Amino acid sequence: VEQLVLDVTANFSPTLVTITAPDAPVRIGTLQPGEPLRGDGPRTAIITPPGTQGRFTVDAPADAGLRFAAGVDGSKDRAAKPDVHFEVWVDGEAAWRQVANPGRTRHDRRWFEGSLPLGAAPRAHTVELRTTADDPEGAAGLPGWSRVRVVQETRVARQPAARATPNLLVLVIDTCRADHLGAYGAAPSPSPTLDAFARDGLLFRH
């Protein structure tokens, strides 16, 4: 279970984040690195042009973790443009790196999700979000960070199944017609495993 401690993106302000921006300002905006249907659509992001850096401090509780996503909203053509480099530094040490170039490969037209532990003991941490490019003027696109947040993790033992406290399993299948499953009358059945599951469980006809 994750409990939100600090949402950096939602609470972005000069008092929360110290910015080093030699050529362009760091600001809140919207970036869309990829296709919305794949989960890579527009998000509110801390836009960090190449050469900029965002820094914030947080009093993290025990078992805290840092969650974030990095992406480049750029041209989808195949023109040769410099890569964008993302780095996350925690307490003066590099903890995460990612290179992205949406013009070079379609696989980079997405949000790169990241997760870092902040330690088992409560303490203050300094986190830096760095964005660079070999040629900031001609970089592959506009980079930024989304859903930057600090969370506290709590682990709960899995509940053993019993008659009084059964476990519930929900299977969700997209674009599958019920009459194409053996459990609903298809013959010969193309779904013997699901048919067996239906025989041992509760089957809804409607």
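Since we're looking at a predicted model, the values are computed, not measured.
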Is the CD1 atom of I173 crowded by more than 12 outside heavy atoms at less than 6.0 Å? yes

Donor-acceptor contact present, side-chain R109 to main-chain P33, <3.5 Å: no

Working to the nearest 0.5 angstrom, can you tell me the gap between R177 CZ and D179 CG? 4.0 Å

Run the side-chain contact (heavy atoms from CB on, under 4.5 Å) check on R149 and L4 step by step: do they pass? CA-CA 7 Å; R149 61 203 186 279; L4 182 64; 3.8 Å; yes

Taking ring pair (Phe, Tyr, Trp, His ring centres under 6.0 Å) as the cut-off, I'd like each qualifying pair that reaches into residues 93-136, sequence neighbours left out, listed once. F68-W96

Hey, are the side chains of V88 and L129 touching, using non-hydrogen atoms and a 4.5 Å cut-off? yes

Say whether, by atom type as modelled, one donor and one acceptor occur between the side chain of T9 and the main chain of V148 under 3.5 angstrom. yes

Applied to residues 83-93, the salt bridge (Lys or Arg N to Asp or Glu O under 4.0 Å) test, sequence neighbours excluded, yields D83-R104, E87-R97, D91-R123

For residues 155-166, which side-chain N or O atoms pair as donor and acceptor with protein atoms under 3.5 Å away, sequence neighbours left out?
| unit_1 | atom_1 | unit_2 | atom_2 | d |
| --- | --- | --- | --- | --- |
| Q159 | NE2 | T165 | O | 3.4 |

If you apply the rule side-chain contact (heavy atoms from CB on, under 4.5 Å), what do you find for I47 with R27, and how did you get there? CA-CA 5 Å; I47 298 175; R27 65 190 189 279; 4.0 Å; yes

Say whether, by atom type as modelled, one donor and one acceptor occur between the side chain of T131 and the main chain of P50 under 3.5 angstrom. no

Using side-chain heavy atoms (C-beta onward) and a distance below 4.5 Å, is W89 in contact with R130? yes

Donor-acceptor contact below 3.5 Å, side chain T126 vs main chain T57: no

For R67, the side chain to side chain donor-acceptor pair (under 3.5 Å) test, sequence neighbours excluded, returns E2, S115, E153

Using the rule that Ile, Leu, Val, Met, Phe, Trp and Tyr join whenever any side-chain heavy atoms are under 4.5 Å apart, tell me whether I28 and F56 fall into a single cluster. yes

side-chain contact (heavy atoms from CB on, under 4.5 Å) between V172 and V170: does it pass, once the steps are laid out? CA-CA 6 Å; V172 180; V170 180; 4.0 Å; yes

Restricting to pairs with a member in residues 174-206, which pass ring pair (Phe, Tyr, Trp, His ring centres under 6.0 Å), not counting sequence neighbours? none

Nearest heavy atoms of T30 and P42, plus distance in Å: CG2-CB, 3.7 Å

Can you name the nearest heavy-atom pair linking P49 to L142, along with the distance? CG-CD1, 4.5 Å

Considering all heavy atoms of both residues, which atom of R205 and which atom of A183 are nearest to each other, and what is their separation? NH1-O, 3.2 Å

What one should report as the nearest heavy-atom pair of N101 and D108 is N-OD2, 2.9 Å

Of all the heavy-atom pairs spanning P143 and L31, show the shortest one and how long it is. C-CD1, 3.7 Å

Euclidean distance, E128 CD relative to R55 CZ, rounded to 0.5 Å: 4.5 Å

Side chains of T154 and D63: does their closest heavy-atom pair fall under 4.5 Å? no

Same cluster (ILVMFWY, side-chain, under 4.5 Å), V127 and L116: yes

Can a donor-acceptor pair be found, under 3.5 Å and without considering hydrogens, that links the side chain of D73 to the backbone of Q32? yes

Before you tell me yes or no, could you show the steps for V99 and V84 under side-chain contact (heavy atoms from CB on, under 4.5 Å), namely the whole-Å CA-CA distance, both residues' side-chain angles and the distance that decides it to 0.1 Å? CA-CA 6 Å; V99 178; V84 175; over 6 Å; no

If hydrophobic clusters are built by linking Ile, Leu, Val, Met, Phe, Trp and Tyr wherever their side-chain heavy atoms come under 4.5 Å apart, do L203 and L181 end up in the same one? yes

Heavy-atom closest pair (V5 atom, V151 atom, distance to 0.1 Å) is CG2-C, 3.9 Å

Side chain to side chain donor-acceptor pair (under 3.5 Å) partners for D7, two or more places apart: none

